[in-house]
Asker: 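Shown below is the structure under consideration.
Atoms within each ligand, like the ligands themselves, are counted from 1 in listed order.
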Amino acid sequence: MKYADLHVHTYYSDSTFSPEEVLAAAEEKALSAIAICDHDTTDGIQPCIKIGDTKGIEIISGIELTVEKPDAEIHILGYLIDWRLEWLQKKLKTIQDGRIDRIHKMLEKLESKGIKIEAADVFGIAGKGSVGRLHLARAILSSGAAKSFREVFEKYLGFGRSCYVPNIKFEPKEAIEMVIEAGGVPVIAHPGIMRKDEYIQELADYGLKGIEVYHTDHNSSTTRHYEELAKSLGLLMTGGSDCHGAGKGKVLIGTVRISYDLVEKLKEAAKR
Ligand code: AMP
Ligand code: ZN
Ligand code: FE
Ligand code: FE
């Protein structure tokens, strides 16, 4: 049997893992394919392909985009996109620049709560990566202002919490159309975290093609629920670990994996 983990981050966004480390971990888990789905960047794809080729591990191109509804943040995965497209890179650059501004805004809010974090520390942690809340959370933890990621997100950085700042405005319709225009397959990421099923039909109307049914944060009843929903809406099922290297404590790659048949279904969908 061939297995794939279709949700893996690299240090080009907020994983601690380099492409070398990602592929070494994938090899250890005997995965046949992995999808690189960094937040708002595709920079990790080519370096992973280069190493994947030497190990016989297939790299599926991907991205994880963030869109917002008034009451929730939704993540859209874009599989099998042509990441070399110039217009796509231009759009991503705008979003990445917005992420830098957003960090400064969140730092101001933190300072108003008496938590002083240097911007340079956050950008230092992010390194070459598309900067985000996980980098900021690590800076907060090392400052001693909180004791766990959970505390950081519950008090400060979680959606709607005291120091939360959204990314630049990006409509669900826009994100889905962007993925399709780049030749890819749009899939809603980890819907069990948000639990806003009422939006899935709307996203399907815009061209959403699948649901990430299998995910680290989905328990068995959540998984069954989304299997049923995917079937009833005629959507594909995907799955992945959402591995952030050691960025969230445990190395998750391969702990959620799907049969390669589902990858073939994605490829058929991309051709249409
Ligand atoms: P960003 O792309 O900057 O919005 O940050 C997204 C990252 O923050 C992802 O790695 C999420 O898993 C993480 N994150 C968002 N909300 C939470 C939360 N409530 N608890 C833990 N991690 C979270
Ligand atoms: Zn992340
Ligand atoms: Fe996500
Ligand atoms: Fe993710």
Side-chain angles (χ1 to χ4, degrees), residues 5-17 22 34-42 44-45 60 62-69 71-79 92 95-107 109-110 122-123 125-126 129-141 146-170 172 175 186-196 211-218 238-253 255-256:
D5 179 338
L6 295 187
H7 194 152
V8 178
H9 291 267
T10 72
Y11 69 11
Y12 287 93
S13 67
D14 56 1
S15 168
T16 59
F17 273 8
V22 166
I34 58 172
I36 301 301
C37 299
D38 278 315
H39 300 283
D40 302 326
T41 177
T42 59
I45 296 171
I60 312 283
I63 193 155
E64 185 171 20
L65 302 167
T66 303
V67 297
E68 212 139 337
K69 284 286 189 184
D71 58 347
E73 191 189 84
I74 299 172
H75 292 183
I76 303 288
L77 298 163
Y79 288 119
L92 293 178
I95 301 174
Q96 291 156 16
D97 289 346
R99 283 179 162 275
I100 295 172
D101 290 343
R102 173 186 183 229
I103 290 293
H104 290 292
K105 286 183 189 145
M106 287 193 282
L107 288 173
K109 287 193 166 195
L110 284 161
V122 183
F123 296 118
I125 291 168
S130 166
V131 71
R133 282 180 288 164
L134 215 50
H135 302 120
L136 178 53
R138 279 163 61 195
I140 294 171
L141 286 181
K147 290 196 172 54
S148 65
F149 278 114
R150 196 196 161 101
E151 185 188 347
V152 170
F153 279 94
E154 274 178 8
K155 280 194 185 154
Y156 309 114
L157 303 185
F159 180 84
R161 302 299 166 142
S162 64
C163 301
Y164 174 78
V165 174
N167 277 298
I168 60 166
K169 204 165 169 53
F170 197 26
V187 170
I188 184 170
H190 46 65
I193 298 180
M194 297 83 81
R195 278 277 169 188
K196 298 280 178 197
I211 298 180
E212 188 180 46
V213 168
Y214 311 100
H215 184 273
T216 303
D217 296 330
H218 288 182
T238 72
S241 65
D242 210 351
C243 179
H244 283 74
K248 287 184 171 181
K250 195 163 159 256
V251 177
L252 295 170
I253 193 167
T255 56
V256 176

Asker: Main chain of C243, side chain of S15: is a donor-acceptor contact present, judged purely on distance under 3.5 Å?
Answerer: no
Asker: With a 3.5 Å cut-off and no angle check, do the side chains of D242 and T216 form a donor-acceptor pair?
Answerer: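 Their side chains do not contain a donor-acceptor pair, so the 3.5 Å distance test is not met.
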Asker: Considering only heavy atoms, does R102 approach ligand 1 within less than 4.0 Å through its side chain, its backbone, both, or neither?
Answerer: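 The side chain, only.
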Asker: I need the atoms of ligand 1 closer than 4.0 Å to a non-hydrogen atom of D14, numbered in the order shown.
Answerer: 7 (C), 9 (C), 10 (O)
Asker: Can a donor-acceptor pair be found, under 3.5 Å and without considering hydrogens, that links the side chain of H218 to the backbone of V213?
Answerer: yes
Asker: Is there side-chain contact between L110 and L136, with at least one heavy-atom pair below 4.5 Å?
Answerer: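 Contact flag for L110/L136 side chains = yes.
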Asker: Residue-level breakdown please: for E154 versus ligand 1, do any non-hydrogen atoms fall below 4.0 Å on the side chain, on the backbone, on both, or on neither?
Answerer: neither
Asker: What atoms of ligand 1 come within less than 4.0 Å of a heavy atom belonging to R99?
Answerer: 1 (P), 2 (O), 3 (O)
Asker: Using modelled atom types only, decide if a donor and an acceptor are shared between the side chain of S130 and the backbone of Q96 within a distance under 3.5 Å.
Answerer: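 Checked: no pair found.
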Asker: Do T41 and I95 come within less than 4.5 Å of each other through their side chains, counting heavy atoms only?
Answerer: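 They are not in side-chain contact.
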Asker: Checking H9 side chain against C37 main chain: does a donor-acceptor pair fall under 3.5 Å?
Answerer: yes
Asker: Counting N and O atoms only, with roles assigned by atom type, does the side chain of D5 sit under 3.5 Å from a partner on the main chain of S241, one being a donor and the other an acceptor?
Answerer: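 Yes.
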Asker: Any donor and acceptor pair, going by atom type alone, linking the side chain of E212 with main-chain N or O of H190 inside 3.5 Å?
Answerer: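 Yes; at least one donor-acceptor contact below 3.5 Å.
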Asker: Within a distance under 4.0 Å of any heavy atom of L134, pick out the atoms of ligand 1 and give their elements.
Answerer: 10 (O)
Asker: Could you please tell me which protein N, O or S atoms lie under 2.8 Å from the Fe ion (ligand 4)?
Answerer: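 Result, waters dropped: H7 NE2, H9 NE2, E64 OE1, D242 OD1.
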Asker: Using distance alone, determine whether H75 and ligand 1 share an N or O pair under 3.5 Å.
Answerer: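 Not met; the criterion fails.
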Asker: Specify the protein heavy atom at minimum distance from atom 15 (C) of ligand 1: its residue, its atom name, and the distance to 0.1 Å.
Answerer: F153 CE2, 3.5 Å
Asker: Is the count of non-hydrogen atoms from other residues, nucleotides or ligands lying under 6.0 Å from K250 atom NZ greater than 12?
Answerer: no
Asker: I need the atoms of ligand 1 closer than 4.0 Å to a non-hydrogen atom of H244, numbered in the order shown.
Answerer: 10 (O)
Asker: Mind checking whether R150 contacts ligand 1 via backbone (N, CA, C, O), side chain (CB onward), both or neither, at a 4.0 Å heavy-atom cut-off?
Answerer: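 Contact part for R150 vs ligand 1: neither.
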Asker: When you look for heavy atoms under 4.0 Å from ligand 1, do you find them on the side chain of D40, its backbone, both, or neither?
Answerer: neither
Asker: Heavy atoms only: give me the nearest A246-F17 pair and the separation to one decimal.
Answerer: N-CE1, 4.0 Å
Asker: Has the side chain of Y79 got a donor or acceptor atom that lies under 3.5 Å from a matching backbone atom of L6?
Answerer: yes
Asker: Any idea which atoms of ligand 1 are less than 4.0 Å away from a heavy-atom of G132?
Answerer: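 Ligand 1 atoms under the 4.0 Å threshold to G132: 3 (O).
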Asker: Quick test: of every protein heavy atom, which one is nearest to atom 11 (C) of ligand 1, and how far off is it to 0.1 Å?
Answerer: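 Protein heavy atom at minimum distance: K248 NZ, 3.6 Å.
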Asker: Return the closest protein heavy atom for atom 6 (C) of ligand 1 as residue, atom name and distance.
Answerer: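 Sorting protein heavy atoms by distance from atom 6 (C) of ligand 1 puts R133 NH2, 4.0 Å first.
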